[in-house]
Amino acid sequence: MNDITSSSKVPVHVSIIMDGNGRWARERGQERVMGHFEGVESVRACTEAAVEAGVKYLSVYAFSEENWNRPDTEVSTLMELMAKCIENEIDTFMKNGVRMVVLGNRARLGAALNAAIDGCMEMTAGNSVMTLIIFLSYSGRWDILQAAQKLALEIADHPERRESLGTMDTEDFGNYLVTAGIPDPDLIIRTSGELRLSNYLLWQGAYSEFYFTDTLWPDFRKPQFRAALEDFARRERRYGKVK
């Protein structure tokens, strides 16, 4: 087994596509929302495991732009659950030094959820042990589009900057994404056996390592998270170069 306590082998940023809540509930003859409730416990467990391992950024794909197409009752229940969970976790975040950040198209979120998000982000802003990023109402294509729109508006307001477009590099453009200032994920985990990105971090995940597991998200806890870190530690990252 690799020693994942070595700082060189611990990913700086781990991101998780949390999948399988509905299937977990269906296998138990329960409503889909019960899988979401149980999935909250997995978020808590993985956050603790990440802090213990020395991961500096943990991000989770909680709700995509496409998820708005789900039944209204499920969406409203999810929004209420997220608001309650964010408020309930503030004390734990403060105890463990976790800063919480929510990224995505927040204009689509309700007032109560946005208020809970703002309150938690303000309370935890000074924490520095780890940053937990929750992607809500997010999609990779939306992120790239809104970045291009920001850039276009900036150039429209400052025409003298047009010439700088010719020398813009990928790092410059990355500053217009919602993840500006956050390192790209070293490791992206997807649960439930699905083998796709589902419109998630399309730009930022260009050189991420991927870890796919058949485990459904509500069953993905500390042992499973550590197993993913151990797998990552065995990999050799080349970024297109020859070693």
Side-chain angles (χ1 to χ4, degrees), residues 15-47 58-90 100-121 132-146 149 177-179 185 188-205 210-221 224-225:
S15 194
I16 306 175
I17 300 174
M18 307 181 294
D19 195 18
N21 290 347
R23 272 170 282 174
W24 183 92
R26 186 169 62 248
E27 288 176 1
R28 289 158 177 78
Q30 300 175 352
E31 296 292 329
R32 285 176 55 86
V33 294
M34 297 309 297
H36 298 311
F37 280 105
E38 192 65 26
V40 171
E41 297 301 320
S42 293
V43 174
R44 183 179 294 115
C46 288
T47 300
L58 174 67
S59 58
V60 294
Y61 198 14
F63 194 85
S64 72
E65 284 276 88
E66 292 76 16
N67 287 155
W68 289 109
N69 296 318
R70 291 185 176 183
D72 291 343
T73 53
E74 182 176 350
V75 170
S76 62
T77 299
L78 273 171
M79 295 299 122
E80 292 173 5
L81 175 62
M82 289 176 193
K84 288 181 180 179
C85 289
I86 287 171
E87 292 174 343
N88 291 341
E89 291 300 313
I90 291 178
M100 191 204 74
V101 175
V102 172
L103 299 177
N105 187 3
R106 288 186 55 188
R108 298 190 70 174
L109 304 180
L113 178 53
N114 270 319
I117 290 169
D118 289 337
C120 187
M121 287 178 61
L132 173 64
I133 304 151
I134 302 174
F135 285 95
L136 280 179
S137 191
Y138 175 88
S139 79
R141 288 179 175 177
W142 166 84
D143 194 4
I144 295 169
L145 176 61
Q146 66 84 34
Q149 290 170 334
L177 298 168
V178 296
T179 51
I188 295 178
I189 299 168
R190 178 157 191 160
T191 61
S192 87
E194 301 294 345
L195 306 177
R196 60 180 181 271
L197 270 177
S198 294
N199 203 2
Y200 181 56
L201 297 182
L202 300 181
W203 180 281
Q204 300 88 335
F210 290 89
Y211 180 86
F212 297 105
T213 174
D214 290 334
T215 303
L216 301 178
W217 176 244
D219 293 325
F220 193 91
R221 300 296 169 92
Q224 289 77 20
F225 185 86

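When reading the values below, keep in mind they use all heavy atoms of this one structure, side chains included, and skip hydrogens, waters and symmetry mates.
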Are [X] and [Y] packed together at the side-chain level, in the sense that at least one heavy-atom pair is separated by less than 4.5 angstrom?
{"X": "His36", "Y": "Glu74", "result": "yes"}
{"X": "Met18", "Y": "Phe220", "result": "no"}
{"X": "Val101", "Y": "Leu132", "result": "no"}
{"X": "Leu109", "Y": "Leu136", "result": "yes"}
{"X": "Ile133", "Y": "Leu103", "result": "yes"}
{"X": "Ser59", "Y": "Ile16", "result": "no"}
{"X": "Trp68", "Y": "Glu65", "result": "yes"}
{"X": "Cys120", "Y": "Glu87", "result": "no"}

Nearest 0.5 Å please: distance from the [atom1] atom of [X] over to the [atom2] atom of [Y].
{"X": "Ser64", "Y": "Asn105", "atom1": "OG", "atom2": "CG", "result": "12.0 Å"}
{"X": "Arg108", "Y": "Ser137", "atom1": "CZ", "atom2": "OG", "result": "5.0 Å"}
{"X": "Ile189", "Y": "Ile17", "atom1": "CD1", "atom2": "CD1", "result": "10.0 Å"}
{"X": "Asn21", "Y": "Arg23", "atom1": "CG", "atom2": "CZ", "result": "9.5 Å"}
{"X": "Glu66", "Y": "Ser139", "atom1": "CD", "atom2": "OG", "result": "5.0 Å"}
{"X": "Met100", "Y": "Thr47", "atom1": "CE", "atom2": "OG1", "result": "11.0 Å"}

Under 6.0 Å from the CZ atom of Arg141, do we count more than 12 heavy atoms belonging to anything else shown?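 No - once you tally the heavy atoms of other residues, nucleotides and ligands closer than 6.0 Å, there are 12 at most.
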Taking NZ, NE, NH1 and NH2 as the nitrogens, is one of them in Arg106 or Asp118 under 4.0 Å from a carboxylate oxygen of the other?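 Looking at Arg106 and Asp118, the cut-off is met.
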State whether Arg44 and Glu41 are salt-bridged, where the test is any N-O pair (Lys NZ or Arg NE/NH1/NH2 against Asp/Glu carboxylate O) under 4.0 Å.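 So Arg44 pairs with Glu41 through a salt bridge.
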Minimum heavy-atom separation for [X] to [Y], with atom names?
{"X": "Gly193", "Y": "Asp214", "answer": "CA-OD1, 3.3 Å"}
{"X": "Trp142", "Y": "Gly104", "answer": "CH2-C, 3.3 Å"}
{"X": "Ala116", "Y": "Ala83", "answer": "CB-O, 4.0 Å"}
{"X": "Gly205", "Y": "Phe210", "answer": "O-CZ, 4.2 Å"}
{"X": "Pro218", "Y": "Arg221", "answer": "O-NH2, 3.0 Å"}
{"X": "Ser15", "Y": "Pro185", "answer": "CB-CB, 4.0 Å"}

I'd like to know whether Leu216 forms a side-chain contact (heavy atoms from CB on, under 4.5 Å) with Thr191, so could you lay out the CA-CA distance, the side-chain angles of the two residues, the decisive distance to 0.1 Å, and finally the verdict. CA-CA 6 Å; Leu216 301 178; Thr191 61; over 6 Å; no
Ser192 and Asp19: CA distance, side-chain angles, deciding distance, side chain to side chain donor-acceptor pair (under 3.5 Å) verdict: CA-CA 6 Å; Ser192 87; Asp19 195 18; 2.9 Å; yes
Would Asp219 and Trp24 count as a side-chain contact (heavy atoms from CB on, under 4.5 Å) here? Give the steps. CA-CA 8 Å; Asp219 293 325; Trp24 183 92; 3.1 Å; yes
Evaluate the criterion side chain to side chain donor-acceptor pair (under 3.5 Å) for residue pair Gln224 and Thr215; output intermediate values, then yes/no. CA-CA 8 Å; Gln224 289 77 20; Thr215 303; 5.3 Å; no
For Asp143 and Trp203: C-alpha separation, side-chain torsions, deciding distance, then whether side chain to side chain donor-acceptor pair (under 3.5 Å) applies. CA-CA 9 Å; Asp143 194 4; Trp203 180 281; over 6 Å; no
Before you tell me yes or no, could you show the steps for Glu38 and Arg32 under salt bridge (Lys or Arg N to Asp or Glu O under 4.0 Å), namely the whole-Å CA-CA distance, both residues' side-chain angles and the distance that decides it to 0.1 Å? CA-CA 10 Å; Glu38 192 65 26; Arg32 285 176 55 86; over 6 Å; no
Does the Trp217 side chain pair with the main chain of Gly39, one donor and one acceptor, at a distance under 3.5 Å?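 Confirmed, Trp217 side chain pairs with Gly39 backbone.
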Side-chain donor-acceptor pair present, Arg190, Thr213, cut-off under 3.5 Å: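 Absent: no donor and acceptor within the cut-off.
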I'd like to know if the side chain of Gln204 pairs up with that of Thr179 as donor and acceptor (distance under 3.5 Å, no hydrogens or angles considered).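 Side chains of Gln204 and Thr179: pair found under 3.5 Å.
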Residues Phe135, Val102; criterion side-chain contact (heavy atoms from CB on, under 4.5 Å); working and verdict: CA-CA 6 Å; Phe135 285 95; Val102 172; over 6 Å; no
When you look at Tyr200 and Tyr61, which way does the ring-ring contact (aromatic ring centres under 6.0 Å, His included) test go after all the steps? CA-CA 8 Å; Tyr200 181 56; Tyr61 198 14; 4.1 Å; yes
Test ring-ring contact (aromatic ring centres under 6.0 Å, His included) on Tyr138 and Phe63 and set out the steps. CA-CA 7 Å; Tyr138 175 88; Phe63 194 85; over 10 Å; no
Please walk me through it: do Leu81 and Phe37 pass side-chain contact (heavy atoms from CB on, under 4.5 Å)? CA-CA 8 Å; Leu81 175 62; Phe37 280 105; 3.4 Å; yes
